[in-house]
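Here is the structure we will look at.
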Amino acid sequence: MEEMKMNVRPATNRNNGWNKKAPVVSELGKKPPQALDLEEAVLGALMLEKDALTTVIDILRPQSFYKEAHQRIFKAIIALFDKSEPIDILTVTNELRKQGELELAGGAYYVTQLTTRVNSAANIEYHARIITENSIKRDLISISSEVLANAFEDTTDVFELLDKTEAKLYEVSESNIRKNFDDMRSLMHQALQELEEKRKQADGLTGVPSGLTALDRVTSGWQKSDLVILAARPAMGKTAFVLSCMRNAAVDFRKGVAIFSLEMSSLQLVNRLISSEAELESEKIKKGSLEEYEWAQLNHKISKLTEAPIFIDDTPGLSIRELRTKCRRLKAQYDIQMIIIDYLQLMSGNAEGKGGGNREQEIASISRALKMLAKELNVPVIALSQLSRAVETRGGDKRPQLSDLRESGSIEQDADMVLFLYRPEYYGITEDEMGNPTAGVGEVIIAKHRNGSLENVQLKFIGKYTKFTNLDGDFGGDAMGGFNPLPNSNFDDDVPGAIRLGSRMNDGGSNGGGGFPTSNFDEEPPF
């Protein structure tokens with residue numbers, strides 16, 4: 001009896017404390033999840049039927065097998081498949097012998113015996129999925145054991161631990177759960193369903209509305225899974241533009257929007273929104289010098305803004321991993337429909353910080369990750385970007401072009417749309433070539449549009465309220481630029497405030513063409 005009591009004594013008593021290095025599973029006396037009989041059956045089936053591997057090649061990896069000998073055998077099978085050679089007992093044994101791993105895999109006799117474990121490959125896919133499930137469980141146990149050990153360490157940075165744990169869990173998910181192909185019948189059915197839904201929308205909007213009539217006419221709204229790059233030189237109004245689009249989408253159309261501001265604080269953004277919504281000068285908002293009637297005006301007009309589904313994150317130096325994590329949570333909890341990043345060059349490529357590779361490679365990885373995020377969450381991602389100083393040194397009207405995108409050409413490649421914000425009056429240009437005044441006129445130059453035409457869209461910029469609205473004469477919308485098109489409107493018709501450029505999808509130049517509608521602006525020049 002005394003002997004039995006000693007055997008069940010907790011392991012912590014032996015060392016007068018927690019053994020941080022020992023995995024939890026050994027303390028519990030449990031063996032990791034495994035299905036050795038199914039592993040043998042699957043390997044045997046792969047050597048019995050030549051087409052069996054194509055059924056499970058997207059499901060299994062060498063690491064999916066628990067027994068090391070089985071991992072080596074599966075690697076040999078994959079090697080034969082890659083060389084388009086037949087897969088059977090003799091070829092697999094010979095491949096293992098060539099690699100010098102035959103004895104480590106159990107020998108020729110063991111490989112031969114595997115084919116006796118199964119009669120056919122009829123259930124190989126089901127067996128493979130069970131093997132994969134056990135592999136995922138083992139990975140989760142390993143991650144949990146490491147987290148538990150690190151959590152007991154006094155020197156552990158808890159936020160770094162959270163980030164690494166989340167990254168490892170995501171890696172397990174991505175490496176094991178893969179999207180299968182879709183057949184034409186299911187895709188056609190899905191496409192027809194979407195067309196039916198679009199036909200019911202009289203306004204022609206198929207994406208998230210910007211609330212700016214001329215722009216929505218060209219884009220049909222910000223489209224799902226699109227990466228939109230909005231680029232301009234400093235002080236052109238990039239933040240004002242996306243805040244106007246965000247406000248219209250969230251307030252007028254009740255679309256959830258997340259904005260990640262790496263440049264301005266959350267309160268600064270909110271103050272801009274208040275100035276724009278209540279139409280009070282931003283200087284007064286900043287100083288708090290409001291008259292009594294202006295306070296009443298503010299309280300009356302911001303009620304809608306208060307209830308809007310807008311989520312602001314002003315974490316400085318946000319990494320792409322943190323962004324992805326936060327966006328997934330917002331999508332799951334609040335079903336956000338659009339993501340805005342202000343701005344791309346202030347992001348870091350990884351959570352550990354800088355130091356690896358050059359900045360151009362880092363920006364390239366960030367732009368690719370943003371496109372993947374848009375596709376994964378099926379929402380438009382609008383990322384603001386700076387332009388190089390080449391714009392300032394260029395002669396003429398200094399219109400930006402694709403080659404001006406700063407730090408990486410991959411931004412242009414990854415983006416579905418590239419928009420440039422341009423205000424002629426910023427460069428002292430008071431009239432366009434047609435003699436129309438440029439004061440208070442902003443122009444959105446669509447330089448790349450993967451699924452549409454290239455056009456220049458003219459908007460009204462009110463500097464003292466830091467907002468963009470429709471040009472005078474554009475039909476639809478309210479004072480805030482809300483989109484209210486005519487019933488059954490045709491998006492192929494000529495658009496007020498838009499200049500059609502033709503189909504130069506990846507051309508670096510931008511053709512201004514045309515003139516601005518004559519308008520009178522009483523507002524102060526933008527700052």
Side-chain angles (χ1 to χ4, degrees), residues 23-82 86-89 91-93 95-96 99 101-102 104-148 165-183 186 328 332 376:
V24 178
V25 289
S26 64
E27 297 285 345
L28 299 175
K30 295 180 179 178
K31 65 179 182 179
Q34 55 189 278
L36 293 180
D37 53 342
L38 293 182
E39 290 183 11
E40 292 172 353
V42 166
L43 292 174
L46 292 176
M47 290 185 285
L48 279 177
E49 297 189 17
K50 63 177 183 178
D51 296 327
L53 184 59
T54 57
T55 307
V56 299
I57 197 167
D58 288 332
I59 303 172
L60 293 175
R61 299 169 299 134
Q63 296 80 8
S64 301
F65 294 87
Y66 176 71
K67 193 172 181 178
E68 189 176 349
H70 294 168
Q71 294 180 12
R72 297 178 188 277
I73 295 170
F74 188 72
K75 285 179 183 177
I77 291 173
I78 294 295
L80 290 169
F81 178 79
D82 291 340
I87 300 168
D88 54 36
I89 298 171
T91 56
V92 171
T93 304
E95 181 66 25
L96 287 167
Q99 296 175 1
E101 295 191 341
L102 182 57
L104 294 172
Y109 179 75
Y110 182 74
V111 176
T112 304
Q113 286 296 306
L114 290 174
T115 57
T116 66
R117 307 291 184 183
V118 66
N119 293 323
S120 72
N123 301 317
I124 190 171
E125 184 176 354
Y126 180 73
H127 294 163
R129 293 195 183 279
I130 295 175
I131 293 170
T132 300
E133 287 172 9
N134 282 308
S135 173
I136 294 172
K137 288 178 182 178
R138 292 196 299 272
D139 289 339
L140 293 176
I141 290 170
S142 176
I143 293 169
S144 302
S145 300
E146 187 177 342
V147 170
L148 186 58
T165 303
E166 210 159 34
K168 286 185 177 180
L169 288 172
Y170 178 71
E171 186 180 337
V172 170
S173 174
E174 285 296 295
S175 61
N176 287 285
I177 303 171
R178 305 178 186 175
K179 186 181 184 297
N180 204 352
F181 60 84
D182 296 309
D183 62 87
S186 61
R328 285 200 196 101
E376 177 191 344

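None of these values were measured; they are calculated from a predicted model.
- Taken to the nearest 0.5 Å, the CG atom of L140 stands 10.5 Å off from the OG atom of S145.
- When only modelled atom types and interatomic distance are considered, D88 and T91 share a side-chain donor-acceptor pair under 3.5 Å.
- Atom CG of N119 is surrounded by 12 or fewer heavy atoms from other residues, nucleotides or ligands within 6.0 Å.
- Of the charged side-chain nitrogens involved, at least one lies within less than 4.0 Å of a carboxylate oxygen, so that E376 and R328 count as a salt-bridged pair.
- Smallest separation of non-hydrogen atoms from I124 and A45: CD1-CB, 3.9 Å.
- For the pair F74/L46, a side-chain contact is recorded, criterion being any heavy-atom separation below 4.5 Å from C-beta on.
- The minimum heavy-atom distance between A128 and V56, with the atom names listed, is CB-CG1, 3.6 Å.
- For the atom pair CG of L96 and CG of L80, the computed distance is 8.5 Å after rounding to the nearest 0.5 Å.
- In this structure, the separation between CD1 on I78 and CD1 on I57 is 4.0 Å, given to the nearest 0.5 Å.
- Here the side chains of S135 and D139 are in contact, with some heavy-atom distance below 4.5 Å.
- Here the OG1 atom belonging to T132 is positioned 8.0 Å from the CZ atom belonging to R61, to the nearest 0.5 angstrom.
- For the atom pair CD of E39 and NE2 of H127, the computed distance is 12.5 Å after rounding to the nearest 0.5 Å.
- Between E133 and R129 there is no salt bridge, since none of the side-chain N atoms of the basic residue sits less than 4.0 Å from a carboxylate O of the acidic one.
- Without hydrogens or angle criteria, Q34 side chain to P32 main chain gives a donor-acceptor distance under 3.5 Å.
- The shortest heavy-atom contact between Q99 and A76 is NE2-CA, 4.3 Å.
- Contact of the P33 side chain with the I141 side chain is registered, since non-hydrogen atoms from C-beta on lie closer than 4.5 Å.
- Under the 30°/60° scheme for interplanar angles, the aromatic rings of H70 and Y110 are found to lie parallel.
- The shortest non-hydrogen separation linking A41 to V118 is O-CG1, 3.4 Å.
- When side chains are defined from C-beta on, F65 counts as touching L43, because their heavy atoms get closer than 4.5 Å.
- Residues E146 and K168 are paired through a salt bridge, judged by an N-O separation under 4.0 Å between the basic side chain and the carboxylate.
- Across all their heavy atoms, S64 and R138 have their closest contact at O-NH2, 2.9 Å.
- Here the closest heavy-atom approach between residue I73 and residue L114 is recorded as CD1-CD1, 3.7 Å.
- In this structure, OG1 in T115 is found 3.5 Å from CD1 in I89, a value given to the nearest 0.5 Å.
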